[in-house]
Amino acid sequence: MAVKITTFPVGLYQCNCSIIFCDETLEAIVIDPGSEPEIILKKISDQGLKVKYLLHTHAHLDHFSATAAVQSKCQAAAVLHKEDMFLYNQHEAQSMMLGLPQTTITEIDQFLEDEQIFNFGKGEIKSIFTPGHTPGSSSFSLELDNELWLFSGDTLFNGGIGRTDFPGGDSNLIVKSIKNRLYTLDGDCQVIPGHGPNTLIGKEKRSNPFVRA
Ligand SMILES: [Zn+2]
Ligand SMILES: [Zn+2]
């Protein structure tokens, strides 16, 4: 398979933005264009990528503040779970709460469904609905050379889980999502969280202090 993943932290909160592309067709997907659109756009143009989708794990501002700027240059479809639209529309209040600059937003082109598949060249990525951190929080899984990769947003971190004290957060639901939808994945599955270092599903099942398998 000719699929490549580039992940890099952006912005004050160091949100992990990922660009995933097929190196034969150059079709690509961006997950969480959180900030610093010029850096994201440079990586896209340096490789001559054609971005089809801007996927969002959830609608906290640190995960979408570059969406409008990236979309204006690459015409990709912006995708977000419907349950997070209230947060997306509260971007001004989020700016104040998080101490981030005000941003313009773009229309969401498509609402994310559970187990929805997005194709890009020879690659495909699948959504997994994992509410709790926010009502619409979603993860994305990708098979790559017989390895499974998971983009877990702010649901599951290396040694941690997302906070649930923001509007719409639900501490019981996040535990349920992690147990039922993420810990059921292969233990060797590589996890790229919304912030911080990668981990493995197996490692989190064994040692995550917040959610025991
Ligand atoms: Zn968040
Ligand atoms: Zn975040």
Side-chain angles (χ1 to χ4, degrees), residues 5 7-11 13-18 20 29-34 53-64 79-88 94 98 111-118 124-144 146-213:
I5 303 173
T7 301
F8 48 98
V10 291
Y13 289 90
Q14 297 282 284
C15 165
N16 284 326
C17 173
S18 294
I20 307 158
I29 279 178
V30 177
I31 297 180
D32 286 349
Y53 301 102
L54 304 175
L55 303 181
H56 300 90
T57 59
H58 64 296
H60 281 150
L61 185 59
D62 56 320
H63 295 255
F64 72 80
V79 185
L80 174 68
H81 198 284
K82 187 161 51 116
E83 292 292 324
D84 265 19
M85 279 307 290
F86 77 102
L87 288 168
Y88 192 72
Q94 288 201 56
L98 297 171
F111 289 137
L112 186 60
E113 305 283 342
D114 189 20
E115 302 200 353
Q116 190 173 356
I117 288 176
F118 298 89
E124 62 170 51
I125 192 160
K126 188 175 85 175
S127 65
I128 305 173
F129 185 46
T130 49
H133 175 62
T134 64
S137 277
S138 300
S139 303
F140 298 96
S141 69
L142 169 76
E143 224 172 288
L144 189 69
N146 294 320
E147 277 181 5
L148 192 64
W149 289 78
L150 179 78
F151 300 84
S152 61
D154 288 1
T155 299
L156 182 65
F157 296 123
N158 185 332
I161 64 172
R163 1 184 341 180
T164 51
D165 55 336
F166 288 130
D170 183 327
S171 56
N172 292 323
L173 197 53
I174 194 172
V175 170
K176 218 168 133 189
S177 290
I178 292 170
K179 280 191 176 172
N180 296 346
R181 303 301 303 274
L182 302 185
Y183 281 2
T184 45
L185 300 171
D186 196 281
D188 292 332
C189 173
Q190 300 268 355
V191 182
I192 299 179
H195 304 266
N198 290 5
T199 185
L200 295 170
I201 285 292
K203 179 190 168 243
E204 295 311 313
K205 278 171 79 168
R206 280 193 306 275
S207 63
N208 190 301
F210 301 95
V211 187
R212 295 282 184 203

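For the numbers below, each heavy atom of this structure counts, side chains included, while hydrogens, waters and symmetry mates do not. In this chain, numbering begins with 1 at the start of the sequence shown. The structure presented is a predicted model; accordingly, all values stated were derived computationally and were not measured.
Rounding to the nearest 0.5 angstrom, the gap separating the OG atom in S141 from the CZ atom in F151 is 9.5 Å. Distance check: D62 CG to C17 SG gives 12.0 Å after rounding to the nearest 0.5 Å. Here the CD1-CD1 distance, from I29 to I125, works out to 5.5 Å after rounding to the nearest 0.5 Å. Considering OG1 of T7 and CD1 of I192, their distance stands at 3.5 Å, rounded to 0.5 Å. Separation of atoms CZ (F86) and OG1 (T134) is listed at 7.0 Å; rounding is to 0.5 Å.
Minimum interatomic distance between L55 and P33 (heavy atoms only, all atoms of both residues): O-CD, 4.2 Å. Minimum heavy-atom separation, S139 to T130: OG-OG1, 3.1 Å. Shown here for S171 and I174, the closest heavy-atom pair between the two residues is O-CG2, 3.3 Å. Minimum interatomic distance between N158 and P197 (heavy atoms only, all atoms of both residues): CB-O, 3.4 Å. In terms of heavy-atom proximity, D32 sits nearest to H56 at OD1-CA, 3.3 Å. Closest non-hydrogen pair, A59 versus Y88, comes out as CB-N, 3.8 Å.
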Dump the intermediate steps for side-chain contact (heavy atoms from CB on, under 4.5 Å) on I161 and V211, then the final yes or no.
-> CA-CA 8 Å; I161 64 172; V211 187; 3.8 Å; yes
Given side-chain contact (heavy atoms from CB on, under 4.5 Å), test N198 with W149 step by step and report yes or no.
-> CA-CA 10 Å; N198 290 5; W149 289 78; 4.2 Å; yes
Please step through ring-ring contact (aromatic ring centres under 6.0 Å, His included) for the pair H58 and H81, ending with a clear verdict.
-> CA-CA 7 Å; H58 64 296; H81 198 284; over 10 Å; no
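D114 contributes a side-chain N or O that, together with a main-chain N or O of F129, makes up a donor-acceptor pair within less than 3.5 Å. Side chain of D170 to backbone of L173: a donor-acceptor contact under 3.5 angstrom is found. Remark: side-chain polar atoms of K205 are paired, donor with acceptor, to backbone N or O of Y183 under 3.5 angstrom. In terms of modelled atom types and a separation under 3.5 Å, the side chain of E143 and the main chain of L148 share no donor-acceptor contact.
Under a cut-off of 6.0 angstrom, the local environment of NZ in K203 is crowded, with over 12 non-hydrogen atoms contributed by other residues, nucleotides or ligands.
For the pair F118/L112, a side-chain contact is recorded, criterion being any heavy-atom separation below 4.5 Å from C-beta on. Between D154 and H63 the shortest side-chain heavy-atom distance falls below 4.5 Å. Under the 4.5 Å side-chain criterion, counting only non-hydrogen atoms from C-beta, T57 is in contact with I31. T155 has its side chain within reach of I178: a pair of non-hydrogen atoms, C-beta onward, lies under 4.5 Å apart. F8 has its side chain out of reach of N16: every pair of non-hydrogen atoms, C-beta onward, lies at least 4.5 Å apart. K126 is not listed as a side-chain neighbour of F140, based on a closest heavy-atom distance of 4.5 Å or more. Within the 4.5 Å cutoff, the side chain of E147 has no heavy atoms near those of the D188 side chain. In this structure the side chain of L156 never reaches within 4.5 angstrom of the side chain of F210, judged on heavy atoms.
Exactly one residue among T199, L150, L200, L182 makes a side-chain contact (heavy atoms from CB on, under 4.5 Å) with C189. That residue is L150. When the options E204, R212, R206 are evaluated for a side-chain hydrogen bond (donor to acceptor under 3.5 Å, both in side chains) with N208, the one that passes is E204. Of the candidates S137, S138, P135, E83 forms a side-chain contact (heavy atoms from CB on, under 4.5 Å) with just one, namely P135.
Here R181 pairs with E115 in a salt bridge; the nearest charged N to carboxylate O distance falls below 4.0 Å.
Taking the six-membered ring for Trp, Y13 and H195 have ring centres at least 6.0 Å apart.
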